[in-house]
Amino acid sequence: MSSRLHIYNTISKQTEEFQPIDPPFVGMYLCGPTVYGDPHLGHSRGAVMMDILFRYLMHLEYKVRYVRNITDVGHLLNDADEGEDKIGKIAKANKVEPMEVAQQYTNAYHQALQKMNILPPSIEPIASGHIIEQIEMIEEILANGFAYESNGSVYFDVLKYAETNDYGALSGRKLEDLIAGAGEERRALEGQEEKKNPNDFALWKKATPEHIMKWNSPWSVGFPGWHIECSAMSGKYLGKQFDIHAGGMDLLFPHHESEIAQSTACNHTNPAKYWMHNNMITINGQKMAKSLNNGVLIEELFSGNHHLLEQAYSPMTLRFFLLQAHYRSTLDFSNEALQAAEKGFQRLMNAAGKTDSLTTANSSDMDIQSWVDKLYEQVNNDLATPQVIATLFEAAKWINEIDAKKLKISHTDKDLLHTTYHTFVFSILGLVAEEAENNEALDGVMQMVLDIRKTAKENKDWTTADKIRDGLKEAGIEVMDGKEGSNYKLS
RNA sequence: GAUAGGAUGGCUGAGUGGUCUAAAGCAGCAGACUGCAAAUCUGUUAUUCAGGAGUUCGAAUCUCCUUCCUGUCUCCA
């Protein structure tokens, strides 16, 4: 491999060569979900992007520690109903324990990602399990003079911080603009009057009496602010400075900007060397939003049970679909696009099944080594998975043509093609073949039905043969005729 | 209003100064296979990159203007 891994760093707005702080170790952190609802399509994108990076870094033989958190506390509600913890609100409504709600949605998140063959992270810390670490960090920030206590709550002093640091460096915001825009269309959040400045954000919030998720602290019985958990947990498991911090673009401001400020105020350093952000998805060209009634849960995509979906799409179809677009581009979901991905994925996998059994010759009609180099160049170029897939399709075509005896390949090249194709498809892109679930009873029935049809075909009784074929199709079973007899699949 | 990212064929989407008369997948069309289909395989399909002006020997790629889309501005992947 001649090229080296480069990734786009949001901080520098440039694609930079990836150089770990302390090779061969790599620490990476992804802002995980807030577990107050079932995972939707948006959640799948960042998880897949980081999964590719995780897999590829391991392929490059780095020793990777991948931390992806679960947020189960601390997010204030924005609705008129006061600042109450989201998890706590749902819990009270359903008369269950907050931890039960968090667990339910954490399980749902895990299940969805597992179906998509996303590797579990090395560590998955939970915010409510790190209250002490968060309190300690807040104390340090207070001691360093970058925060103040107000009525039992603690706020980060953005103006004070900005005197010696660049608040807005990551998101391209200027503090003057933030302050200027502060007056008019700001939402009415409770506790604003406690702040010195509207841009200050909470490190610790004093809980109202009806608030059920709360902890003791030096300042009040309350709960931590939104941003501090990621800073505390990434610091605990990856160190004061680690390699990669990732998340959706929507987290750029204020979440990541504030993380940088907190960590800098506490540890005097930007926590991460590389900041990566995946772009958003749209549905039929529109943003996904509750108000537009077009939000799609990952499970709804898998079941097809949604008014915008014409059919169910498999987990691998979703994974392949996401990888066909670059992670920094917006990606539009539509039935047409998903159906295209489904077919394309099948094609890629069909070829994968043939690589090992190709007939070899004395020489090759194609240059396999430069094809291999191209794949590495592309994945090294900021994880250009769409290009990697295109290059794999190039090989899929060769594989089919070799299979049809239109091209020839040497034994050495065949081995290289086989190994590389499989490495990229399975190990790096993380795709897996989706076998239709085996059902012995159905197999038995189908065996018999196809046998009857075979007899009909032998007797040139096309009416019966076609009746069986059409009837099965109606029932969701597709008959596939081949040279060596007929087969079927569930459609 | 501020700020970040976009607009490429019927669809999804690569490509960021010359090898671009624009990758790949899907759909369409033609062929192979088939009793006919489906599936599979092969071939083919954008003189053009939102619109306009400019820089350059050369622009999808750089600059400016216009239009539209998406994220964010203290809940969001």
Practice task
May I have the distance from A/E336 (atom CD) to B/G13 (atom C1'), rounded to whole angstrom?
Solution key: 13 Å

Handout entry: Separation of the C1' atoms in B/G1 and B/U47, to the nearest angstrom
Key = 43 Å

Handout entry: Set of residues satisfying ring pair (Phe, Tyr, Trp, His ring centres under 6.0 Å) with respect to A/Y327, sequence neighbours excluded
Key = none

Exercise for the section: Would you indicate whether A/Q447, at its atom CD, is surrounded by more than 12 heavy atoms from other residues, nucleotides or ligands within a distance under 6.0 Å? Expected result: no

Practice task
Classify the angle between the aromatic ring planes of A/F201 and A/F156 as parallel (below 30°), tilted (30 to 60°) or perpendicular (above 60°).
Solution key: parallel

Practice task
Would you kindly say whether A/Y274 and A/E16 are connected by a side-chain donor-acceptor distance under 3.5 Å?
Solution key: no

Practice task
Give a yes or no on whether a salt bridge exists between A/R55 and A/D51, defined as a side-chain N under 4.0 angstrom from a carboxylate O.
Solution key: yes

Practice task
Answer with yes or no whether the side chains of A/D443 and A/Y488 bring together a donor and an acceptor at under 3.5 Å.
Solution key: yes

Handout entry: Qualifying residues under ring pair (Phe, Tyr, Trp, His ring centres under 6.0 Å), relative to A/H277, sequence neighbours excluded
Key = A/H256

Problem - Pairwise C1' distance, B/C68 and B/U45 [rounded to whole Å] - result: 29 Å

Practice task
Check whether the side chain of A/R173 and the base of B/A2 form a donor-acceptor pair under 3.5 Å.
Solution key: no

Handout entry: Whole-angstrom distance between B/A50 and B/C69, as gauged at atom C1'
Key = 11 Å

Exercise for the section: Run the ring-centre check on A/F333 versus A/F321 and record whether the distance is less than 6.0 Å. Expected result: yes

Practice task
Using the C1' atom on both, measure B/A30 against B/G71 and round to a whole Å.
Solution key: 45 Å

Exercise for the section: Report yes if the ring of A/F253 lies under 5.5 Å from the six-membered base ring of B/A4 with planes under 30°, and no otherwise. Expected result: no

Practice task
Just say parallel, tilted or perpendicular for the rings of A/Y167 and A/F253, cut-offs at 30° and 60°.
Solution key: perpendicular

Problem - C1' atoms of B/A59 and B/U40, separation to the nearest Å - result: 42 Å

Could you run down the sub-3.5 Å N/O contacts of the protein with nucleotides 67-70 of chain B?
none

Exercise for the section: Looking at every strand, decide which applies to A/K343 at a 4.0 Å heavy-atom threshold: base, sugar-phosphate, or nothing. Expected result: sugar-phosphate

Practice task
Would you classify A/F201 as touching base, sugar-phosphate or nothing, given that sugar-phosphate means primed atoms plus P, OP1 and OP2, and contacts are heavy atoms under 4.0 Å?
Solution key: base

Practice task
Take atom NZ of A/K174 and atom C1' of B/A4, then tell me their distance rounded to the nearest Å.
Solution key: 12 Å

Problem - OP1 or OP2 of B/G15 under 4.0 Å from side-chain N/O of A/Q387 - result: yes

Exercise for the section: Quickly work out the A/F320 CZ to B/A14 C1' distance and round it to whole Å. Expected result: 13 Å

Handout entry: Watson-Crick or G-U stems involving RNA chain B, each at least 3 pairs long, distances under 3.5 Å, ordered by first number
Key = B:1-7 with B:67-73, B:10-12 with B:24-26, B:28-32 with B:40-44, B:50-54 with B:62-66

Problem - B/A32 versus B/A37 - spacing of their C1' atoms, nearest Å - result: 15 Å

Problem - Separation of the P atoms in B/C73 and B/G58, to the nearest angstrom - result: 45 Å

Problem - Between A/W398 and A/D365, a side-chain donor and acceptor under 3.5 Å - result: no

Problem - Atom NZ of A/K460 with >12 non-hydrogen neighbours under 6.0 angstrom - result: no

Handout entry: Any A/K397 side-chain nitrogen or oxygen under 4.0 Å from OP1 or OP2 of B/G43
Key = yes

Problem - Check ion pair A/R469-A/D466 (N to O, under 4.0 angstrom) - result: yes

Practice task
Taking atom C1' in both B/U67 and B/G52, compute the distance separating them and give it to the nearest angstrom.
Solution key: 11 Å

Practice task
May I ask you to evaluate whether A/S329 reaches the phosphate of B/G6, defined as a side-chain N or O under 4.0 Å from OP1 or OP2?
Solution key: no

Handout entry: Base of B/A37 paired with side chain of A/D481 (donor-acceptor, under 3.5 Å)
Key = yes

Handout entry: Any residue of residues 401-409 of chain A with a heavy atom less than 4.0 Å from an atom of RNA chain B
Key = A/E401, A/K406

Problem - Side-chain-base donor-acceptor pair under 3.5 Å for A/R347 and B/C41 - result: no

Practice task
List in chain and number order the residues that pass ring pair (Phe, Tyr, Trp, His ring centres under 6.0 Å) with A/H255, two or more places apart in sequence or in another chain; answer none if no residue qualifies.
Solution key: A/W226, A/H227

Practice task
Could you check whether A/L251 gets within reach of a base, just the sugar-phosphate, or nothing at all, counting any heavy atom under 4.0 Å?
Solution key: sugar-phosphate

